[in-house]
Each structure stands twice: as structure tokens, then as C-alpha cells.
Amino acid sequence: MAKAHRRPAWIEVDRTVLERNALKMANVVAPSVLCAVVKADGYGHGAIESAKAFVKGGAHWLAVAVVEEGIELRRAGIDEPILLLSEPLGGGMEEAVVHKLVPTIYTHEGIVQLVQATKKLGSQGESTQFHIKVDTGMHRVGCAPGQLVDLVELASQFREITLSGLWTHFALADDLSSDFSRAQISQFDAVVDQALTGVNQTVVVHMANSAAAGRYEEARRDMVRCGISLYGYSPIDGPEEPTFESAMALKARVSFVKEVPENSGLSYGHQYVTEHQTTIATVPIGYADGVPRRYGSCGGHVLIGGKPCRVVGAVTMDQLLVDCGRVTKVQVGDEVVLLGSQGDEKITARDWAKWLSVITYEVVCGFTGRLPRIWVN
Ligand SMILES: *Cc1c(COP(=O)(O)O)cnc(C)c1O
């Protein structure tokens, strides 16, 4: 990290923004409980600090994709319930038991493995809690609706494990032209009612991600699993004003400045050729940090001196070039904003997503570990 700090390129994340977003979402969905999704290093923001901010803002649960991510949170002293969003593979089931992560299960083998792992490594007399996921139309992971009753029955035969949650996941909740989510809700309801007949313990029922939590009140149930909205980006690719504040900024400092004459080819392949004499600033950040090679050729900009400036030529592994034609007197050390605000101008993750033809999730998850995360506030 010390080395990375010497290179002036970094991500700033505002903790108070994350906390406010969680508070806002918790209020919107109440009395449903908020589960903050912090997989993929907190959508690129930093999992531990993000998790702490969300908990402070009112999240009662956390969710991660893989066991390692859950262990990272436990090692940081976080002791909220942590849901694993997929069934752990290999030795993952045992690690889930040891670190008291709540696994999601959707196979017979998964139940048997969880029982064995608990017998071997569980705390004395303590039953391992788990959730079952039903596939109602995403067709990624989950048991078929018709298998749910069987799984619940199988699990009920073992005192080592306790079913404490049932959930499903939407495939089109972010698509305003689709109502497929309603079909998923009805299918889920039908099998859940059936499966929970005769079950005495409390079972947390949940289905909504950020898009569904906002769009479908009837999908909020006992808990919502929100990621993208809590970081401040809309899950829905529309023109509407974002409800939540974005917490991430990507910044760097100019490392070199030069005048180039007209007709100069820039960077690898000379993909860009200057039309007239201009000032080119070099910025020490590249595709190894998550700024795609084509960021300039697809229209990507940065802010320097409070003005939007074009990225020109191929982005290289560690550096990129900016045409500063419109900025007077750019110098080494000047702040460059790739994501965030400078003066009255702003570049958002949605701008990036549009330029690159991707979704905002990919933009924020795409910044690599070489960029230090600096926490502000
Ligand atoms: C990632 C994920 C979420 C969170 O989705 P957002 O759209 O970021 O709110 C919820 N549930 C599951 C199963 C996920 O994989």
C-alpha cells in the first residue's frame, strides 16, 4: 500500500455517504430488515469499511458471494449475521461453520455436508443456521420450486442444522418494461407456504435486490438484500434522478505535460492523431487499475481544472493521455477527477457505463486492488 500511495492515483470513498444510504434504505423498507450486500470487496469500495458503515446506518445483516469474503469480515471483528449467497463448495462448508457464516443451500448433498461439517466443527450443542434458495426464474442457482418441500423435510431430520431463511432472486427487477418479477413472486409464495406448513422456528423470507426493493413493495417481505443502491448507484438504467448519493470518487494527479504539434499520433497504435497543436497531460493510471484500454476511443472524459477533457489514444497499462486543449496552464501535480466532482462538473459511474456500454456495477467493481482506497469522513 505504501508504494501505491506514492503514485498519485487513488479511490476515495465517503463513509458517511454509505451510512446515509443505508439509513435511507432501512427507512424505506421498514419494517423489513436491511441486508447489505458487500460481495466483491463491497462492489469495489472496500468490504470491511463498507460493511461497518452500512451496519452503522441500520443494516442488520450482511451478504457476500463466497466464503473468503465472509471470513474477511469476521477477521475484521464484524459479528452481524453474514449470508453466503451460494452453496459453499469443497472445504467451504466447514469454513462457513467455523466462522459462523449462514450458508445458502439448494441441494441434498449441501444439507448432508452441512450436517457433517457441524458434527465435526460446530460449537457444542449449537445448531447451524442456513437458508434455502429457490430458483423461480433466474436459472442461475437454487433448487427447483418442486424440490423445496423435500429439502425442508430432509433438513428437519437433523438436529445439527436449523432452517432459518428461504429466498429467491429476481432476473428482471431492473427492467421497467417487464413484469416477470410478479410471476416469480407468485411462484415463490406458492411453494414457500407449502414448505413452511408445520415448521415451528422463525424463517426469514426474502427476495428483493435493490431494484425490487424500490419497485415492488410486496417483494420486501422480512428482509431485502441491497447492494448497488447502498453504494449510491441506480440499479435501473433510466434517466431518473438517483435516489442515493454515490460514495466513490476516482482521482489522480497529472504526472507529465507536453505540447504536441498537429498530426501527432498518440499512444500505442497511434489510434488518435491530433488535429492541431494541443497540450497533452499524462495521468498515471491505466487498464491495470481498471480504466479500460478503450476508455478514450468510446468517448471517456476526465476533469482537469474544473473542465471535462477527452482521454485520447489507447489507455495503457499504467498511464493514459488527456487532451487539455481547453484548460489553461495545466501542470504536473494538478488534480484529475475520473469519477466524481470537480468545480461544477461531475463524471458519474453511469457516464462511464454509457461510454463503455456496460452497467454501473461493472464500472465500480472493475477498479483493481492496485488503487488504494482512501476513506474520507
Ligand atoms: C448481488 C446480489 C444482490 C444485490 O443486488 P443489487 O442489485 O446490487 O442490489 C442480491 N441478491 C443476490 C442473490 C445477489 O447476488
Side-chain angles (χ1 to χ4, degrees), residues 17-18 20-40 42-45 50 54 57-59 61-65 83 85-86 104 131 133-142 165-189 204-248 348-354 356-366:
V17 167
L18 296 178
R20 273 201 298 278
N21 286 344
L23 180 63
K24 201 169 187 180
M25 183 61 92
N27 285 335
V28 167
V29 301
S32 300
V33 162
L34 176 61
C35 171
V37 181
V38 294
K39 61 189 175 187
Y43 290 44
H45 293 65
S50 298
F54 292 146
W61 276 74
L62 298 165
V64 293
L83 178 66
L85 294 169
S86 289
T104 290
H131 290 196
K133 183 185 180 193
V134 190
D135 178 12
T136 57
M138 175 76 177
H139 297 141
R140 185 171 59 175
V141 293
L166 272 184
W167 64 278
T168 192
H169 188 50
F170 293 116
L172 287 101
D174 61 326
D175 182 347
L176 296 178
S177 69
S178 164
D179 247 343
F180 184 67
S181 301
R182 292 196 196 280
Q184 289 193 263
I185 293 173
S186 339
Q187 184 167 38
F188 184 64
D189 283 344
V204 179
V205 172
H206 52 107
M207 50 173 85
N209 55 5
S210 295
R215 243 182 114 191
Y216 298 103
E217 209 169 308
E218 70 271 33
R220 291 177 191 158
R221 303 301 158 100
D222 302 322
M223 181 164 93
V224 298
R225 305 180 309 270
C226 294
I228 200 78
S229 289
L230 301 183
Y231 300 95
Y233 317 97
S234 173
I236 294 163
D237 199 16
E240 87 293 351
E241 280 297 303
T243 320
F244 297 91
E245 264 175 280
S246 53
M248 180 190 278
T348 66
R350 167 151 309 165
D351 293 330
W352 274 60
K354 275 209 193 105
L356 293 162
S357 305
V358 298
I359 58 174
T360 51
Y361 296 74
E362 289 177 271
V363 173
V364 292
C365 290

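Everything numeric here is computed off the predicted structure, so don't read it as measured data.
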[X] (side chain) donor-acceptor with [Y] (main chain) under 3.5 angstrom:
X      : Y      : value
Asp135 : Met138 : yes
Ser178 : Asp175 : no
Lys24  : Phe244 : no
Arg221 : Met207 : no
Ser32  : Arg220 : yes
Gln184 : His169 : yes

With a 4.5 Å cut-off on side-chain heavy atoms, are [Y] and [X] touching?
X      : Y      : answer
Glu362 : Trp352 : no
Ser229 : Met25  : yes
Val134 : Trp167 : no

Exercise for the section: May I ask you to check whether over 12 heavy atoms, not counting those of Glu217, lie within 6.0 Å of atom CD? Expected result: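 No.
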[X] and [Y]: which non-hydrogen atoms are nearest, and at how many Å?
X      : Y      : result
Ala349 : Val363 : O-CG2, 3.9 Å
Ile236 : Arg350 : O-NH2, 2.7 Å
Ala173 : Ser181 : CA-OG, 3.6 Å
Ala171 : Gly137 : CB-O, 4.0 Å
Phe188 : Leu166 : CZ-O, 3.7 Å
Ser210 : Gly227 : OG-N, 3.3 Å

Could you state the interatomic distance from [atom1] ([X]) to [atom2] ([Y]), rounded to the nearest 0.5 Å?
X      : Y      : atom1 : atom2 : result
Leu172 : Arg182 : CG    : CZ    : 13.5 Å
Leu62  : Lys39  : CG    : NZ    : 13.5 Å
Leu356 : Asp351 : CG    : CG    : 10.5 Å
Glu218 : Arg215 : CD    : CZ    : 10.0 Å

Practice task
With Val37 as reference, evaluate Val64, Ile228, Leu230, Leu85 under the side chain to side chain contact (heavy atoms under 4.5 Å, CB included) test and give the passing residue.
Solution key: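 In the set Val64, Ile228, Leu230, Leu85, the residue that makes a side chain to side chain contact (heavy atoms under 4.5 Å, CB included) with Val37 is Leu85.
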Practice task
Please determine, by modelled atom types, if Ser186 and Asp189 share a side-chain donor-acceptor pair under 3.5 angstrom.
Solution key: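 Checked: Ser186/Asp189 side chains show no N/O donor-acceptor pair below 3.5 Å.
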Practice task
Specify whether Tyr43 and Tyr231 have parallel, tilted or perpendicular ring planes, treating 30° as the upper limit for parallel and 60° as the lower limit for perpendicular.
Solution key: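 Judged by the thresholds at 30° and 60°, the geometry between Tyr43 and Tyr231 is parallel.
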Handout entry: Residues in side chain to side chain contact (heavy atoms under 4.5 Å, CB included) contact with Ala59, at least two apart in sequence or another chain
Key =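 Partners of Ala59 by the side chain to side chain contact (heavy atoms under 4.5 Å, CB included) criterion, ordered by chain and then number, come out as Leu34, Ala36, Phe54.
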Exercise for the section: Using side chain to side chain contact (heavy atoms under 4.5 Å, CB included) as the criterion, list what pairs up with Ser246, not counting sequence neighbours. Expected result: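 For Ser246, the residues satisfying side chain to side chain contact (heavy atoms under 4.5 Å, CB included) (neighbours in sequence not counted) are Tyr233.
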Exercise for the section: Assess whether side chain to side chain contact (heavy atoms under 4.5 Å, CB included) is satisfied between Leu83 and His206, documenting all intermediate values. Expected result: CA-CA 12 Å; Leu83 178 66; His206 52 107; 3.6 Å; yes
